[in-house]
Amino acid sequence: MLRTGTLGLAAMLAFGIFEQWPARLPAWLARWVLQVVGVAVSIPLVTWLIYLYSTMPGAPPFWEDKDRLEGFVSLSVLGLLVAPWIALGALVRQKDALARHQALVFDLERSELERQALDARLRLLQAQVTPHFLFNTLANVQVLVDEGSPQASMVLRNLVAYLRAAVPRLDAPATTLADELELAQAYLELMHIRIPDRLQFGLHVDEAARSLRCPPLTLLTLVENAVRHGIDPSEDGGRIDVHVERRGDRCVVRVIDTGVGLRANRKGLGTGIATLRERMAMAFGGDATLDIAARLPRGVVAEAIFPAQEAGHA
């Protein structure tokens, strides 16, 4: 048992040494071949040393003792039959473990690259939304200035105050519905100043939904769309009602307007809704919906439903 154990340890030592040494091998010599050959060579060599140093003082050498010589040959042959195959099995398992490790590393790297690509895409969509909103708002101010409206100065002051609060949030990857409601209310107030006789609005908010996570400008896009494509084209104007509520693990945002409706609006809903759909899908991994439907007798209902996630939690 002692001799067999010593022989096994020697074979393991040879396997480990040739795994690291030499650092560089000739192109024609594979390292696994060197390891198997090293184990095979170590078996008779170590067996010879075991029998040599285990010979009692004054006793004849083991090769002159028939029984000990047979033991040496048997142990050497057994080691040569078993050890190289064990080494080959260890190499196969080692290669398999290395392949699994590399596959895991590749999967992690691919996931990281996909996340970075998703973030870059989301930033690009956000950059598209930002000038779209700002240009539309400034165009409304320009109309008042061109018409010489006495409200132009007041609207401009309100717009400056609004932009000071809104612009720092435009590049944020996510915000809360409380922030979204604040921006939407400021926008509606600006539009109400511009067309006081043609725009009325109301906010109906579930307090439990205020702290929920939301992609930036989600609510503002829906409200702006209702004003631009629903109320503005209508001679009589209309009303916009914003409903935000939490239903279990879902958040429901609904913007209802009594404007011209889908059929009367031949220009469609613009690029804002399409961009918003894509941003919501990317922000919530596809677990979000945005539906636009006609409202009877007139108007449009825009409803966004997405996971109810507290701010700070993905």
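Source: prediction; values computed, not measured.
Across all their heavy atoms, Gln35 and Phe15 have their closest contact at NE2-O, 3.2 Å. Closest non-hydrogen pair, Ala308 versus Arg246, comes out as CB-NE, 3.7 Å. What you find for Leu69 and Trp63 is that their closest heavy atoms are CD2-O, 3.7 Å. A pairwise comparison of heavy atoms in Thr218 and Met280 identifies CG2-SD, 4.4 Å as the closest pair. Closest non-hydrogen pair, Arg213 versus Ala283, comes out as NH2-O, 3.4 Å. Here the closest non-hydrogen pair linking Pro233 and Val260 is C-CG1, 3.7 Å.
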Show, in sequence, the C-alpha distance, side-chain angles and deciding distance for Thr289 and Arg277, and conclude whether the side chain to side chain donor-acceptor pair (under 3.5 Å) test is met. CA-CA 7 Å; Thr289 60; Arg277 275 200 177 96; over 6 Å; no
Should Leu212 and Cys251 be marked as a side-chain contact (heavy atoms from CB on, under 4.5 Å) after you check the CA-CA gap, both sets of side-chain angles, and the distance that decides it? CA-CA 8 Å; Leu212 297 181; Cys251 180; 3.8 Å; yes
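By the rule that hydrophobic residues join a cluster once side-chain heavy atoms approach within less than 4.5 Å of another member, Val92 and Val39 end up as members of separate clusters. Note: the hydrophobic cluster containing Leu188 also contains Leu217 (ILVMFWY, side chain heavy atoms under 4.5 Å, direct or indirect links). Hydrophobic clustering, with ILVMFWY side chains joined whenever heavy atoms are under 4.5 angstrom apart, keeps Leu49 apart from Leu2. Residues Trp48 and Ile50 are members of one and the same hydrophobic cluster, defined by side-chain heavy-atom contacts under 4.5 angstrom among Ile, Leu, Val, Met, Phe, Trp and Tyr. Residue Leu222 is not grouped with residue Val252 when hydrophobic side chains (ILVMFWY) are merged at heavy-atom distances under 4.5 angstrom, including chains of intermediate members.
Side chain of Tyr51 to backbone of Pro61: no donor-acceptor contact under 3.5 angstrom is found.
Scanning for ring-ring contact (aromatic ring centres under 6.0 Å, His included) contacts around His243 gives His204, with sequence neighbours left out. Listed by chain and number, the residues in a salt bridge (Lys or Arg N to Asp or Glu O under 4.0 Å) with Glu207 are Arg210 (sequence neighbours excluded). Every side-chain contact (heavy atoms from CB on, under 4.5 Å) that Ala30 has, sequence neighbours left out, goes to Trp32, Val33.
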Please list every donor-acceptor pair under 3.5 Å in which a side-chain atom of residues 73-91 meets a protein atom from a residue at least two apart or in another chain.
from	atom 1	to	atom 2	distance (Å)
Ser74	OG	Glu70	O	2.8
Ser76	OG	Phe72	O	2.8

Show me the donor-acceptor pairs within less than 3.5 Å that the side chains of residues 290-306 make with the rest of the protein, sequence neighbours left out.
from	atom 1	to	atom 2	distance (Å)
Arg295	NH1	Arg298	O	3.3
Arg298	NE	Thr258	O	3.1
Arg298	NE	Gly259	O	3.2
Arg298	NH2	Ser234	OG	2.9
Arg298	NH2	Thr258	O	3.3
Glu303	OE2	Arg254	NE	3.3
Glu303	OE2	Arg254	NH2	2.8

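For residues 76-99, the salt bridge (Lys or Arg N to Asp or Glu O under 4.0 Å) pairs, not counting sequence neighbours, are Asp96-Arg100.
You'll find the side chain of Arg239 stays beyond 4.5 Å of the side chain of Phe201, heavy atoms only. Side-chain contact between Val223 and Asp257: absent, with no pair of heavy atoms (C-beta onward) separated by less than 4.5 Å. Side-chain contact between Pro22 and Leu34 is present, with at least one heavy-atom pair separated by less than 4.5 Å. Arg250 is listed as a side-chain neighbour of Asp287, based on a closest heavy-atom distance under 4.5 Å.
The structure places CG of Asp236 at 10.5 Å from CD1 of Ile231, a figure rounded to the nearest 0.5 Å. Arg198 CZ to Asp232 CG: the interatomic distance, rounded to the nearest 0.5 Å, is 6.0 Å. Interatomic distance, Cys214 SG to Leu177 CG, rounded to the nearest 0.5 Å: 4.5 Å. A distance of 10.5 Å separates CD in Glu224 from CD1 in Ile240, rounded to the nearest 0.5 Å.
Looking at Leu181, Thr175, Leu183, Leu276 one by one, the single match for side chain to side chain contact (heavy atoms under 4.5 Å, CB included) with Leu219 turns out to be Leu181.
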